[in-house]
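Accompanying notes for the structure given below.
Scope of the values below: all heavy atoms of this structure, side chains included, with no hydrogens, waters or symmetry mates.
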Amino acid sequence: MKHFILGSLSGLVAGGIYGLIKTPRSGKENQQALRNYADETSDHLQDVSDKVSDLKDSINQLKAEVSFVQNDVMDEMTLIAKEFQHEAEPRLRRIQEKTEKIQTEAQETTDNINY
């Protein structure tokens with residue numbers, strides 16, 4: 001990768017020098033064109049930098065929102081589980097009581113049959 005970048009930069013410099021030598025424009029015109037190119041490139045780099053910064057801000061905001069939603073959902077799920085458990089307790093007690101009653105009656109029936 002390092003060799004590719006070095007080769008690309010060398011080609012860019014060599015091409016730029018060749019273009020400056022073979023151009024039909026005067027030195028002043030070439031200098032102005034080069035300044036314009038440098039200014040445009042600088043503006044483009046600043047624009048890209050601003051957009052990358054905006055992207056980072058958006059990603060951080062998204063992370064914060066996901067964290068908030070995740071916490072909110074977890075709190076809601078915990079509340080629903082507690083409510084279900086609270087509602088199920090009386091039913092479970094009744095089932096347990098009926099099971100114990102059936103076991104007691106079965107034992108009494110078994111004892112009566114044996115006598």
Side-chain angles (χ1 to χ4, degrees):
M1 182 71 171
K2 183 178 177 181
H3 297 290
F4 174 76
I5 293 173
L6 185 60
S8 296
L9 289 175
S10 298
L12 183 65
V13 169
I17 291 172
Y18 179 78
L20 288 174
I21 292 172
K22 293 295 185 176
T23 185
R25 294 182 295 214
S26 69
K28 294 274 185 199
E29 290 173 334
N30 284 336
Q31 289 175 355
Q32 186 60 39
L34 190 56
R35 272 191 226 113
N36 290 343
Y37 178 76
D39 290 342
E40 288 175 10
T41 302
S42 176
D43 290 343
H44 290 303
L45 288 175
Q46 184 61 43
D47 187 42
V48 168
S49 176
D50 292 343
K51 288 181 180 180
V52 167
S53 178
D54 291 345
L55 178 62
K56 286 180 183 178
D57 291 343
S58 295
I59 289 171
N60 288 333
Q61 183 178 0
L62 181 62
K63 283 181 183 178
E65 289 176 7
V66 165
S67 178
F68 175 74
V69 168
Q70 182 181 13
N71 290 337
D72 193 37
V73 167
M74 289 303 293
D75 291 344
E76 189 173 337
M77 293 299 289
T78 302
L79 180 63
I80 289 170
K82 286 180 181 179
E83 287 175 1
F84 176 77
Q85 185 178 9
H86 179 70
E87 290 175 3
E89 281 180 18
R91 292 181 185 122
L92 291 173
R93 265 197 315 270
R94 284 194 301 266
I95 291 170
Q96 182 67 32
E97 289 169 0
K98 287 182 181 185
T99 303
E100 288 172 0
K101 184 178 178 182
I102 290 171
Q103 287 175 344
T104 303
E105 289 175 358
Q107 184 63 40
E108 288 174 0
T109 303
T110 303
D111 290 345
N112 287 338
I113 293 175
N114 290 336
Y115 291 119

Do [X] side-chain atoms and [Y] backbone N/O form a donor-acceptor pair below 3.5 Å?
{"X": "Ser42", "Y": "Ala38", "value": "no"}
{"X": "Ser67", "Y": "Lys63", "value": "no"}
{"X": "Ser58", "Y": "Asp54", "value": "yes"}

*Nearest-0.5 Å distance, CG of residue Leu62 to CG of residue Asp57*: 12.5 Å

*asked:* Using 0.5 Å steps for rounding, measure from the NZ atom of Lys56 to the CG atom of Asn60.
replied: 9.0 Å

_Go through it in stages, so that I can follow the logic: the residues are Arg35 and Asp39, the test is salt bridge (Lys or Arg N to Asp or Glu O under 4.0 Å), and I'd like the CA-CA distance, side-chain angles, deciding distance and then a yes or no._
CA-CA 6 Å; Arg35 272 191 226 113; Asp39 290 342; over 6 Å; no

*Verify the cluster assignment for Val69 and Met77: are they in a single hydrophobic cluster under the rule of side-chain heavy atoms below 4.5 Å apart?*
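Yes; Met77 is reachable from Val69 via cluster members.
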
_Pairing residues for Lys101 by the salt bridge (charged side-chain N to carboxylate O under 4.0 Å, His left out) criterion, not counting sequence neighbours_ = none

*Please, which pairs that meet side chain to side chain donor-acceptor pair (under 3.5 Å) have at least one residue in residues 85-98, sequence neighbours excluded?*
Gln96-Glu100

_side chain to side chain contact (heavy atoms under 4.5 Å, CB included) between Thr41 and Leu45, intermediate numbers included_ = CA-CA 6 Å; Thr41 302; Leu45 288 175; 4.3 Å; yes

*Going by atom types alone, do Asn36 and Glu40 pair a side-chain donor with an acceptor below 3.5 Å?*
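Judged by distance alone, the side chains do not pair up.
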
*How about Ile17 and Val13: do any of their side-chain heavy atoms sit closer than 4.5 Å?*
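Ile17 vs Val13: side chains touch.
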
*Residues Gln46, Asp50; criterion side-chain hydrogen bond (donor to acceptor under 3.5 Å, both in side chains); working and verdict*: CA-CA 6 Å; Gln46 184 61 43; Asp50 292 343; 2.9 Å; yes

*Other than Leu6, what residues sit in its cluster of Ile, Leu, Val, Met, Phe, Trp and Tyr side chains whose heavy atoms are under 4.5 Å apart, directly or through others?*
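None, because no other hydrophobic side chain comes under 4.5 Å of this residue.
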
